[in-house]
Enquirer: 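Below: one structure in structure tokens.
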Amino acid sequence: MRYLPLTDTDREDMLARIGVSGVDELFSDVPAGKLLTEPLDLPRAKGELEVERIMGRMAAKNVAATSVPFFVGAGAYKHHVPATVDHLIQRSEFLTSYTPYQPEIAQGTLQYLFEFQTQVSALTGMEVANASMYDGSTGTAEAVLMAHRVTRRRKAVLSGGLHPHYTQVVETLSEMANDEVVALPADVKASEDILAQIDDSVSCVVVQSPDVFGNLRDLAPIAEKAHAHGALLIAVFTEVVSLGAVTPPGAQGADIVVGEGQSIGNALNFGGPYVGLFAAKSKYVRQMPGRLCGETVDADGQRGFVLTLSTREQHIRRDKATSNICTNSGLCVLAFTIHMTLLGQAGLSRLAEVNHANAVQLADALAGVKGVEILNESFFNEFTIKLPKPAAAVVEALAEKGVLAGVPASRLMPGAGLDDLLIVANTEINTDDDRAAFVKALAEVL
């Protein structure tokens, strides 16, 4: 049976009702250069078996992260996820559950969301956390919108060390809201004078630490200057394991802390789904996006959990919404919570120590390769090296030798004059043999 949902008359009636002359007007906000002018060059319909064969051949061209020495990071990191995590999240009551629209009958879901919030608050050094965002980038954009609501200002200053993808998401949402964004140039050595950008017109300052180039940032002076001018400091991270070693952002004066939680409990998964972490000072709780779970007692005095401040988003008071996020990354949250529970505070600290030690060992070894310069004065498990050749070409040459060496800065920041820079990550999964293979192969291609 053919599926023909709409007639031409149906389409004309719908377009007339919303006041547009044609379908193309619905895409007016998309830059013209991003729209296709003709169909993609793809083969026409084929049978299921034929499609499987084609896709299988395409997939075979990939080099899996677990099959070779792997040093790729830049916002998504390869860590060991205990088998217990996958085993537990695949239980049917977890795997099939969704947003608790009737929270009184979803106590198990609310409990693990509450425990997740508690873990995030402890990790970030903040007073309150929500039940997750979609990922770190969208969470950062939501944090900027929240700061605008709190300060009643419409200008955000973004550090040149902020991940470019995060910057672009902030710029996209801000453009739609007619908010001002000052994005500083790429700051490879964490030497920017961001304090000079802060004045009484600024709503918030967004700073990542460790930043996209791996540098650790001292947030305290930035927080002090921001607060003196009535602005908020939004602290960002892409590598949550770093919070097992560095001073938490809350202890450095951050007002809002947001980042990516993928490293805990969640595999690379071809780029998602991931889990955004979001925490803030308790005085700003009514301006936080997303859902919050709270602990209470029922009529019999028994412990229970509830959705708190939930009259937002798609619920009744939509005109009072603080955000357009309509759910949370529930299964990814559960994976995060299970893994974090297995680690505990001591385990997380030990994991962070191993990550840092491995990265230091790799940096020392790479520094011995002729033509290689380590650019960081401090880092956690990721750093940037300068090469005597374009990094993109070097990465391709290393891939041919069976080493996935990192992310060329030019891939994240094309046209920024950073073609000779390579961002390298080294987590607990890498062995001495992996590092030796990287150093040997790099010396050969250079």
Side-chain angles (χ1 to χ4, degrees), residues 75 121 123-127 129 136-137 139-164 166-167 169-171 174 179-240 242-243 245-260 277-284 287-288 375-380 382 384:
S121 293
L123 281 169
T124 58
M126 301 302 287
E127 296 167 333
S137 65
T140 300
E142 292 274 12
V144 170
L145 298 180
M146 175 179 164
H148 292 342
R149 293 192 297 272
V150 171
T151 64
R152 300 183 184 278
R153 301 174 185 175
R154 308 293 290 271
K155 178 181 178 181
V157 175
L158 311 185
S159 166
L162 182 64
H163 195 295
Y166 288 40
T167 298
V169 174
V170 172
E171 290 175 335
S174 297
D179 294 335
E180 182 179 357
V181 175
V182 177
L184 300 182
D187 184 24
V188 178
K189 295 187 177 182
S191 59
E192 65 188 1
D193 186 6
I194 198 168
L195 297 181
Q197 301 293 326
I198 305 173
D199 57 30
D200 292 342
S201 68
V202 172
S203 159
C204 58
V205 185
V206 184
V207 184
Q208 179 178 327
S209 181
D211 66 21
V212 68
F213 299 104
N215 303 296
L216 293 170
R217 302 278 188 125
D218 183 1
L219 302 178
I222 305 172
E224 183 179 359
K225 179 73 179 290
H227 296 159
H229 288 272
L232 304 185
L233 171 61
I234 299 174
V236 178
F237 56 87
T238 60
E239 172 54 289
V240 65
S242 67
L243 297 179
V246 304
T247 302
Q252 298 185 62
D255 300 286
I256 305 172
V257 179
V258 61
E260 180 55 65
L277 311 184
F278 196 111
K281 293 181 177 178
S282 59
K283 64 181 178 180
Y284 303 134
Q287 294 299 333
M288 286 182 67
L375 299 183
N376 304 68
E377 292 186 3
S378 64
F379 56 86
F380 172 60
E382 192 166 28
T384 300

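Predicted model, so just to flag it, every value in this text is computed and none were measured.
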Enquirer: Which heavy atom of S209 sits nearest a heavy atom of R217, and at what distance?
Expert: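 Nearest pair, atom of S209 first, then R217: OG-N, 2.9 Å.
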Enquirer: Determine, stepwise, if the pair V207 / L233 fulfils side-chain contact (heavy atoms from CB on, under 4.5 Å).
Expert: CA-CA 8 Å; V207 184; L233 171 61; 4.1 Å; yes
Enquirer: Using atom types as modelled and distance alone, determine if a side-chain donor or acceptor of Q252 lies under 3.5 Å from a backbone N or O of L219.
Expert: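 Yes.
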Enquirer: How close do L243 and P249 get, counting heavy atoms only, and between which atoms?
Expert: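 Distance-wise, the nearest heavy atoms are CD2-CD, 3.8 Å.
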Enquirer: Are the side chains of Y166 and T238 in touch, meaning some heavy atoms are under 4.5 Å apart?
Expert: yes
Enquirer: For V212 and P164, work out which heavy atoms get closest and say how close.
Expert: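 Scanning both residues completely, I find the closest heavy atoms to be CG2-CD, 3.9 Å.
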Enquirer: Provide the closest heavy-atom pair for P210 versus L216 in the form atom of the first, atom of the second, distance.
Expert: CG-CD2, 3.6 Å
Enquirer: Donor-acceptor pair, distance only, cut-off 3.5 Å: does the side chain of Q208 make one with the backbone of H163?
Expert: yes
Enquirer: Could you check whether any side-chain N or O of D255 sits under 3.5 Å from a backbone N or O of A280, counting only pairs where one atom can act as donor and the other as acceptor?
Expert: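 Not confirmed, D255 side chain does not pair with A280 backbone.
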Enquirer: Apply side-chain contact (heavy atoms from CB on, under 4.5 Å) to residues L277 and T124 and explain how you reach the verdict.
Expert: CA-CA 9 Å; L277 311 184; T124 58; 5.8 Å; no
Enquirer: Given K155 and V182, is the side-chain contact (heavy atoms from CB on, under 4.5 Å) satisfied, shown in steps?
Expert: CA-CA 8 Å; K155 178 181 178 181; V182 177; 3.7 Å; yes
Enquirer: Working note: D200 + H229, criterion side-chain hydrogen bond (donor to acceptor under 3.5 Å, both in side chains); need CA distance, chi angles, decisive distance, verdict.
Expert: CA-CA 5 Å; D200 292 342; H229 288 272; 2.7 Å; yes
Enquirer: In Å and rounded to the nearest 0.5 Å, what is the CD to CZ distance from E239 to F379?
Expert: 13.5 Å
Enquirer: Run the numbers on C204 and V144 for side-chain contact (heavy atoms from CB on, under 4.5 Å), then give the verdict.
Expert: CA-CA 7 Å; C204 58; V144 170; 4.2 Å; yes
Enquirer: Please round to the nearest 0.5 Å and tell me the distance separating atom CG of D187 and atom CD1 of I194.
Expert: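 Rounded to the nearest 0.5 Å, the CG-CD1 separation comes to 8.5 Å.
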Enquirer: Which atom pair, heavy atoms only, marks the closest approach of H148 to R154?
Expert: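 Minimum heavy-atom contact is CE1-C, 3.7 Å.
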Enquirer: Please check this pair: side chain of S282 against backbone of E127, looking for a donor-acceptor N/O pair closer than 3.5 Å.
Expert: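 Between the backbone of E127 and the side chain of S282 there is no qualifying donor-acceptor contact (under 3.5 Å).
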Enquirer: To the nearest 0.5 Å, what is the distance between CG (N215) and NZ (K189)?
Expert: 10.0 Å
Enquirer: If you take all heavy atoms of S203 and T151, which pair is closest and at what distance?
Expert: OG-OG1, 3.2 Å
Enquirer: For the CG atom of D211 and the CZ atom of F237, what is their distance to the nearest 0.5 Å?
Expert: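 The distance works out to 14.5 Å.
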Enquirer: Is the side chain of N376 donor-acceptor paired with the backbone N or O of T384 at a distance under 3.5 Å, no angle test?
Expert: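 Here the side-chain-to-backbone pair exists.
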Enquirer: What distance do I222 atom CD1 and I234 atom CD1 have between them, rounded to the nearest 0.5 Å?
Expert: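 So the CD1 of I222 and the CD1 of I234 are separated by 12.5 Å.
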